Structures are given as structure tokens and as C-alpha cells.
Amino acid sequence: MKAARAGLKLAIIPLLTLGLVVVGIAALGVGAVRMSLAEVLQALGNLGNADDTHGRILYDLRMPRILVGALCGAMFAASGAILQGVVRNPLASPDIVGVAAGAGLAAVFTLILLPQAPLWALPVGACLGGFLAFVLVYLLSIRTGEVLPIRLALIGVAVEASLDALRRLILVRADDGVAQALTFLVGTVYGADWERLWRVLPFALLLIPLALILHQKLDVLSFGDSTAKSLGMRLELGRLVALLLGVALASVAVTGTGILGFVGLIAPHAARLLVSSRFHLLLPASLLLGAILVVVADTLARGLVPPLEIPAGLLTTLVGAPYFLYLMRRVGRAR
Amino acid sequence: MNLSTNRLYLGYDGRLIVEDLNLSIAPGQISVLIGPNGCGKSTILRSLARLLPPRQGSVLLDGKMIQHLPTKVVAKKLAILPQMPQAPEGLSVEQLVWFGRYPYQSALGGRTQSDREAVEWALAQTGMTVFASRALETLSGGQRQRAWIAMALAQQTPILLLDEPTTYLDLSHQLEVLHLLVRLNREEGKTVVMVLHDLNQASRFAHQLIVVNGGRVVAQGLPEEVLNEQILREVFGLKAHFLQDPETGRPYCIPYALARKEPLIVDERVEEKA
């Protein structure tokens, strides 16, 4: 039976991959213009034809949107998995420890200060903001040399809210162009186009494989300082690299879809239940679950009351916030 | 493999806890650190394992400053089992023990035959082979402690440091762990250094007792040389009768009253933080 369960865990990754593909194809048919599966497949075969309306809708609107959503959801989830492990805090998640709002605020600044900046400037600026915000939250949470999980979460939520409010304030005063270019920061995949995919993809292709390669070091770090160091881990360096990685993943994702609330919290928790907390399985499972979660949320967002759009981030928050409250209670009781 | 300290000063934040410590650990023996709460014994143990950097002075491993050796090199020479170690959720015993091979693995973590043999050996030594696939959370306290010792053993180090390895275990599991350490010392020639709370267990299992008080080593030697009424009174603030352990001939103490002649240097907070 043990062997069977171990086998099941290995099968989960292909199953989730299959799930993502199915969800992605199903999502292509949903929106203001509904298409049956047959119509979707026919339109996919006809993409080159500029006169095919269905093909245009798929290629110009839905495909980039689904891809951006999946990619950013995956990055939020991987970021959450890494932060939770390294900070050894189940409540850590990019949008709870200030990273997401810091990245969003920095993205606004970047676009106001450097309107002519190349495509890559926005993610880079966002990473800088994400990291500054995280350092701020972490320093504020230290008390007598240690960081309590609940304290980190509470201070993180406060800083996150403040930075987010600041971002909205600045956007209100900013030029219309800037404001329009950054409306997605509220957490919606609406309007995601191929350019947004090209903005995020190179960073994703760098950061995700890097995280997967470092799975063993992430495992050792999640044992805590004493054990990690006695096993021969260069603690300061290892932790810095892991945190930079976790922060960068979420910050780049913010420039794709804005802040998708709680994806970075729920997806890794679900992944841990499915495949254990070892990163060689946890990371792939988190990536896939994060992608599925966001594609499903975004499909509901445009399918529930067409042609109106609900921000996908609203839906993920509706699911995630109660879970966060439950988790706070559990962690609070454990202490 | 020699482990010693040279004019070592240790502390946390603004506070010095250990001053001018010159300690030499006898190779191939079991050394036990004893002393009242807050005396600095855990602090000393952590510094011996390079988990706590010195304020001044140095910890020497075969004559070399331990802080200057690559940490992976040190991890092949000494292993430490911290107090109440925590593992990520859902690990099995075997998966835990595999982490003991971390210092031997390359960046990409390929597993070699000698890794596999070391893990099997560590599981067998600790009697954990039958529990290999069990999740850590499902084990009893004693089994879990043995699993952690197995992880330290998988590091295949000549020196083993343990910070209160018997705390929170019931008596039979305490003896189980201590007998395991004695066997590892006798049969595998491991140098064992540990902190123990129970003076009679320390007397029974140690070759060397190291008595720490107020951040200083106040006595070091065979239990029969070190444990006496004076030490009990001055270090632990206790009046005690002494018997002889009928099995080992070692001193066995029965404290019967507090002896508050001189004020004790006790600071619980320091010990807890350590």
C-alpha cells in the first residue's frame, strides 16, 4: 500500500499537467462569444486566417490571456512555496508579506519615471520594489531576535495594504496613459495580450528552472537554521538566494496579472497535501495548481456574467481569504 | 579528530555568557556537559558545532579554526543534533536520514552507492530500518529521536554532538537513546559530546564530565573525580548523599535539600534562547 501511495504521488504531477491542458482548452471557449469544443478546434486550425472571427478572438484575446494567467498563477504559487519553506511560516505568501504590493507600487513608479523604458524594465523595477517591501516587513517583524509567524503575517498585511493604497493614490494623480497601462494591477487577467506574455516569459524561463534546480537546498533550508547549518549549508547565502528567488517570482507575476490574492498561499498548501513538502515534488505541483487556479478563476471571471468582467483576483481572494483566516487560527493555537 | 576551544568568548546580543573558555574534548570518549540552567552548556555545545560564532577566541577542529573551514567540510567531521529539531511536514524516516548525506552530494544532488550504504547503515545502527517508510509525525518520541540520530550518523562523522538528547522522553526511551550512544562510541569509535540534565545518567554514561557554572568550566574529569558534595552544593545549590552505582561503581547522588549558601548565577531566559 505504501508503494502504491508513493506511486500515486508521482502520478499527481502528470495528472495535474493533464488537468491544466484540459482547463486551458475549455477556457478557450468561454467568454462574451461562446464557442463549442468543435468550434474551438476548428478555429485553432484556422489561426492564420485573418477573416476568421473565432480565430481572431482566440489568437488576439483568449490565448494570450490564458497563457499569461497560467504563467503568473504558477509563479505566484512557486513564490509562496519557497517563502513558506524558507521563512518556515505557513502564513507566508507574496501578497501577505508585502511583496506583491511593493512590486505593484514599484511598477507604477517605473512607468511614471521611465515612460520610454524597454519591456524588461517593468519586471526589474517590480522585483526591486518587491524586495524592498519584503525587507521592510521582515525587519518590522523581528522582536528580540526572532520572527513569530503571526507577527510576520499581521505586519505583512498592514504593509501590503498601505503600499497598495499608495499605489492607487499615485495612479489617480498619474497621466491617463500610465493609469490605463496599469489598470490590470488590481488583479485581473483582462486585457492580457501577447506583449504582456513576452514581458513575463523570459523571466519565468529563468526563475522557474532555477527554483527547480535548487530544490534540495530549499529542502535543507526548510529544516531551520541549526539543522541546515549543521548539514553544511551556507546559511546566509542559501537563504538570500532563496528569498531573492521567491520575491522575484511574485514580483514578475505582478507585472503580468497584478495581485491575484492568495494564489501564493492556497496553491502551495494544496500541493503540500497532495505530494508532501519536499521541493522536488512540491514546486512542480505548486506551479501546476497555481496555473489551474488562475485559469479557472479567470474563466469564471469572464464567463459568469458575460459580457461583464469580474477581476480574477477578486475570485481567488474570495476563496483564499477564508482559508487564510482558518490558517491564522490554527497557527495561533499551535503557539 | 581533536576538538578544543582557545580563549573562547561567547554571547548573545549584548550579553557575554561564556568567558575565556579553554576546553579540550577527549577523542574517542563520551564527554557530558552538566550544570544548572543558564550556565552556558548549550551555548558551548552550539559553538563547538560552529552554530554560534565566537565573540573572541576560537574553536579548533584538529588545530584549525572551525569558522574558517568550509562548512561542508566541517559537516563531514562533526554532526550536531540540536534541541527539539524540526523537520518539514510529511517526511519519512528514510527521507530524513537521506538529508544526512547532503554534505557529500554535489550541487545537483546525485546519489552514489556510498550514500545508499551510509543511509542503510545509519538506519540499521539505530534500529530504524523497519520504520524507514513511516512518516516522522507518526513515531513515538523515542523513535523520532532515533531517526534524528540516524540522520546525524548518515553524515559519517567521527564526532557527534547532542544537545539534551533525552529531554521529553520517558525513562525507558532515555536509556534506549543513551545505550545507543554508548554502543556507537564503543563499536564505531565515535567521539560523543552531549548535554544531559540528569546527573546520575551523566555519571553513569560519561568518560568525562565537564561541569559548567556561570559560563566557566569549574571541573572536568572522571565522574568519580568530579561528582562530590562540594560540587553539588556550589554548582547546583543542593545538599546530597552519595552512593555507589552497584553496576558501574560510579557515584550516584541523592539530593535531599537546597543549599542556598551562595547566590547561583541562574538566568533562564538565556538558556531558553540558546
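Hydrogens, waters and symmetry mates play no part in the numbers below; they use all other heavy atoms, side chains included. Owing to the predicted nature of the structure, the values given are computational and were not obtained by experimental measurement. To find a chain, count down the sequence lines: A is the first, B the second, and so on, and within it residues start at 1.
With rounding to the nearest 0.5 angstrom, the NZ atom of K72(B) is 9.5 Å from the CZ atom of R234(A). Atom CZ of residue R272(A) and atom CD of residue E89(B) lie 6.5 Å apart, to the nearest 0.5 angstrom.
At least one side-chain heavy atom of T227(A) sits under 4.5 Å from a side-chain heavy atom of M151(B). The shortest distance between side-chain heavy atoms of W98(B) and D219(A) does not fall below 4.5 Å.
Q155(B) contributes a side-chain N or O that, together with a main-chain N or O of S230(A), makes up a donor-acceptor pair within less than 3.5 Å.
Heavy atoms of L69(B) lying under 4.5 Å from chain A are absent altogether. Interface remark: P88(B) contributes backbone and side-chain atoms alike to the contact with chain A (heavy atom separation under 4.5 Å). Both the backbone and the side chain of A87(B) come within contact range of chain A, judged by heavy atoms closer than 4.5 Å. When heavy atoms are compared at a cutoff of 4.5 Å, R278(A) approaches chain B solely by way of its side chain, counted from C-beta outward. Heavy-atom distances place the side chain of L91(B), and not its backbone, under 4.5 Å from chain A. Contacts between R101(B) and chain A at a heavy-atom distance below 4.5 Å are absent for every atom of the residue.
Contact between S226(A) and R46(B) at its shortest, heavy atoms only, is OG-NH1, 3.1 Å. When all heavy atoms of Y102(B) and L231(A) are compared, the closest pair comes out as CD2-O, 3.2 Å. Closest of all the heavy-atom pairs between S276(A) and G90(B) is CB-O, 4.5 Å. Contact detail for T71(B) and K229(A): the closest heavy-atom pair is OG1-O, 3.7 Å.
Taking chain A as the reference chain and counting heavy-atom pairs below 4.5 Å, the highest number among P85(B), P103(B), A135(B) is found for P103(B).
Counting non-hydrogen atoms of other residues, nucleotides and ligands closer than 6.0 Å to OH of Y168(B) gives a total of 12 or fewer.
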